[in-house]
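Inspection log for the structure reproduced underneath, given as structure tokens.
Here the structure is a predicted model, which means the values were calculated and not measured. Counting starts at 1 for both ligands and their atoms, in listed order. The figures here come from the full heavy-atom set of this structure, side chains too, leaving out hydrogens, waters and symmetry mates.
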Amino acid sequence: MSDETRPRGASDTSRAASRPGATSVDPIDILAGRMDAAEEGLLTCVHCGFCLPACPTYRELGDEADSPRGRLHLMRAVAERRLDPASDAFQTHMDRCLGCRACEPVCPSSVPYGSLLESARRVARSAVPARKRSAGRTVEVMLRLFRHPLALRVALSAARLARALRLPTLARRLAPGGRVGEGLRFGAAMLEASGGRGARPVAPDPGRTSRLAGAPVGPRVAFLPGCVQGSLFGRVVDASDRVLTRNGCDVARMGAGGCCGALHAHAGDHDGSLDLARARIGEAERMGVDLVVTDAAGCGAAMKEYGEWFEANPAWAERAAAFSSKVRDVTEVLAELGPVPGGELRRTVAYDPPCHLRHAQRADGATATVLAAIPGLEVRTVADPDACCGGAGIYGVTHPELGGAVGDRKVSEVRATGATCVATGNPGCMMQIGAGLILVGSRMDVVHPVELLDESYALLDGER
Ligand code: SF4
Ligand code: SF4
């Protein structure tokens with residue numbers, strides 16, 4: 001019997017046998033295996049409740065079932081086949097989780113909540129047809145789109161065109177009332193926010209911008225433009241490219257529109273996430289690089305977990321682990337190199353760390369090093385930096401009330417800093433916070449931290 005087909009209860013309920021890289025297994029067995037693995041490693045939930053105040057859905061709703069501890073109870077009930085995974089209770093409370101993982105660093109038992117949630121979402125998704133899932137059709141259409149680079153490019157090009165024609169602004173103003181109208185208004189504001197009202201792009205010219213004058217001396221880097229980031233935030237991708245080059249990296253971009261599979265993993269689309277991960281691993285191998293770099297925190301968090309995703313798959317385990325060991329956020333690379341200082345930039349910026357950099361990658365300290373390389377920049381920390389902005393993919397569209405409540409809190413805290421712009425390192429967070437600012441009539445810009453360093457270099461070069 002193969003590792004992929006042994007029943008639960010046999011000795012295969014180890015962490016490795018329960019990884020999503022293993023195929024042809026009942027998703028409930030995978031969830032059960034993961035929970036057993038947590039127990040075996042003495043990592044199980046001790047019901048202390050330390051995670052409750054850290055959880056944005058619990059803070060908004062005050063319902064134990066919408067807390068990490070409550071969701072773990074539900075997962076356990078399904079894993080032990082005491083609860084139907086198609087039940088409203090399981091479907092609703094798994095669906096409402098933002099996947100922000102703010103519950104992980106505060107947990108004294110190190111419960112691997114993020115990995116358990118991915119398994120639980122896979123169980124929930126396979127238990128109910130798409131048309132019956134909450135927000136099912138919207139999410140399913142998106143997941144399918146993100147698996148096909150050409151179709152995705154067409155869709156994102158259409159979104160860019162709509163943005164250039166200011167159609168989202170019109171849609172936001174004309175959106176009707178009610179739940180659907182709220183979702184439409186928020187989605188339109190997100191697309192509008194991706195345009196970056198304060199962005200001042202500079203034409204890429206690595207020959208001119210490399211201060212090292214000569215061959216790069218730093219690592220050879222495969223830079224993932226990503227799907228959403230690469231298309232809607234081209235200015236951020238260009239800024240990252242210039243900044244890495246200036247700091248001595250030899251940058252080669254991975255294929256445009258290549259998705260890392262994070263959205264699929266978070267939504268429980270197991271096959272979709274693994275297909276996309278295999279494509280990215282193969283691409284990086286062909287490029288023969290020292291590092292794989294992204295400026296999207298959600299993509300970085302997923303790619304750092306490829307090794308775990310394929311742990312039970314002998315054909316891919318070694319390749320996936322080698323790939324993950326090379327993955328870095330752009331700010332991590334710059335912090336490791338010691339960023340070249342830029343020109344004086346007199347601005348006040350509110351920094352808000354993305355959950356997938358702070359909680360999932362535990363790497364947001366690097367951003368402070370990057371911002372410290374900008375003379376004159378005043379950095380103000382947003383209150384409660386552990387709290388999610390409510391982004392979580394298209395959560396603001398699929399859950400307008402709850403996403404809106406979580407987002408409103410973040411927007412208030414960002415505005416309370418009195419800064420002229422807010423910096424955060426993930427496209428979903430940039431769109432979520434940007435949309436919230438637009439909807440309250442604020443003129444604050446939303447930027448990626450590397451954009452500020454890029455602007456500082458341009459000032460040093462006398463371009464602005
Ligand atoms: S903090 Fe950890 S151990 Fe405590 S209730 Fe939450 S998940 Fe369980
Ligand atoms: S991932 Fe975020 S929303 Fe989900 S249980 Fe943990 S803290 Fe709550």
- Report yes or no: does Lys410 contribute a side-chain atom to a donor-acceptor pair with the main-chain N or O of Gly390 at less than 3.5 Å? no
- Check whether any side-chain N or O of Arg163 sits under 3.5 Å from a backbone N or O of Leu232 as a donor-acceptor pair, and report yes or no. yes
- Qualifying residue, where the test is side-chain contact (heavy atoms from CB on, under 4.5 Å) with His448 and the options are Val330, Val237, Thr367: Val330
- Sub-4.0 Å atoms of ligand 2 with respect to non-hydrogen atoms of Arg71: 4 (Fe), 5 (S), 8 (Fe)
- Could you tell me the residue and atom name of the protein heavy atom closest to atom 2 (Fe) of ligand 2, and the distance to it rounded to 0.1 Å? Cys100 SG, 2.3 Å
- Message: With heavy-atom distances below 4.0 Å as the criterion, list the atoms of ligand 2 near Gly99.
- Response: 1 (S), 4 (Fe)
- Phe50 side chain reached by Pro108 side chain, heavy atoms, under 4.5 Å: yes
- Note on the structure: Under 4.0 Å between heavy atoms, the region of Tyr58 that gets near ligand 2 turns out to be neither
- For Ile281 and Tyr306, the nearest pair of non-hydrogen atoms, with its separation, is CG1-CD2, 3.8 Å
- Got a sec, which residues hit side chain to side chain donor-acceptor pair (under 3.5 Å) with His93, two or more places apart in sequence or on another chain? Asp66
- Passing option when Phe223 is tested against Val292, Val289, Leu244 for side-chain contact (heavy atoms from CB on, under 4.5 Å): Leu244
- Item | Asp386 and His359, any side-chain heavy atoms less than 4.5 Å apart | yes
- Query: With a 4.0 Å cut-off, would you call Arg101 and Glu305 a salt bridge?
  - Reply: yes
- Item | Presence of N, O or S from Cys97 under 2.8 Å of atom 4 (Fe) of ligand 2 | yes
- Tell me which protein heavy atom sits closest to atom 6 (Fe) of ligand 2, plus the residue, atom name and distance to 0.1 Å. Cys103 SG, 2.4 Å
- Proximal ligand 2 atoms for Cys55, defined as those under 4.0 Å from one of its heavy atoms: 3 (S), 5 (S), 7 (S), 8 (Fe)
- Under a 4.0 Å heavy-atom limit, does Leu72 contact ligand 1 with its side chain, its backbone, both, or neither? side chain
- Electrostatic pair Glu60-Arg96, nearest N-O below 4.0 angstrom: no
- Item | atom 1 (S) of ligand 2: nearest protein contact (heavy atom, Å) | Arg101 N, 3.1 Å
- Going by the order shown, which atoms of ligand 2 are within less than 4.0 Å of some heavy atom of Leu98? 3 (S), 4 (Fe)
- Task: Measuring from atom 4 (Fe) of ligand 1, count protein N/O/S atoms under 2.8 Å, please.
- Result: 1
- Message: For a quick check under 3.5 Å, do Ser273 and Arg122 share a side-chain donor-acceptor pair by atom type?
- Response: no
